[in-house]
Amino acid sequence: MTGNSIKHSKLKVGKLHTRSVPSRIFGWSLFWLSLVVIVVNWVEEFSDLAVLPGGHSFFYLGGGVVGAAIGLWRAGVMDAKS
């Protein structure tokens, strides 16, 4: 067999994609803000602190988790790297 008769197949997994700088800044800002809301909500549950409107609520926890996930997605953490 000669070297020319051997064919190599290439497997294309995905395209490397990086998000724009404004998108990453917005994503990281949203992520950290969501973490602050989650922590403040947790502190309000166990103390007399009243920072969030309406006090401790499940909606702040749920909104913080959803906001953190969207923030990580906008920051590009969940994008395929291969």
Side-chain angles (χ1 to χ4, degrees):
M1 288 175 80
T2 63
N4 294 337
S5 65
I6 299 174
K7 293 184 180 180
H8 295 282
S9 61
K10 294 182 180 179
L11 178 64
K12 186 175 182 180
V13 176
K15 186 170 83 172
L16 182 62
H17 175 73
T18 55
R19 295 197 179 256
S20 66
V21 173
S23 177
R24 288 184 290 175
I25 290 172
F26 174 76
W28 284 115
S29 300
L30 181 61
F31 173 73
W32 288 111
L33 180 65
S34 298
L35 284 184
V36 167
V37 168
I38 291 170
V39 168
V40 169
N41 188 40
W42 180 75
V43 169
E44 280 190 0
E45 181 179 2
F46 297 109
S47 70
D48 293 332
L49 182 68
V51 176
L52 298 172
H56 167 72
S57 174
F58 173 74
F59 295 111
Y60 285 120
L61 177 63
V65 170
V66 169
I70 292 172
L72 287 176
W73 174 67
R74 293 291 297 183
V77 173
M78 297 179 187
D79 290 346
K81 301 291 187 219
S82 58

hydrophobic_cluster_shared for Val36 and Phe46, side chain cutoff 4.5 Å: yes

Is there a continuous path of hydrophobic side-chain contacts, each under 4.5 Å between heavy atoms, that joins Val51 to Val39? yes

Joint cluster assignment, Val37 & Leu61, ILVMFWY side-chain distance < 4.5 Å: no

Tabulate below the donor-acceptor pairs under 3.5 Å that side-chain atoms of residues 25-35 make, not counting sequence neighbours, or state none.
unit_1, atom_1, unit_2, atom_2, d
Ser29, OG, Ile25, O, 2.8
Ser34, OG, Leu30, O, 2.8
Ser34, OG, Ala68, N, 3.3

Nearest heavy-atom contact between Ile38 and Val65 is CD1-N, 3.8 Å

Once side chain to side chain donor-acceptor pair (under 3.5 Å) is applied, what residue pairs with a partner in residues 37-64 remain, sequence neighbours excluded? Asn41-His56

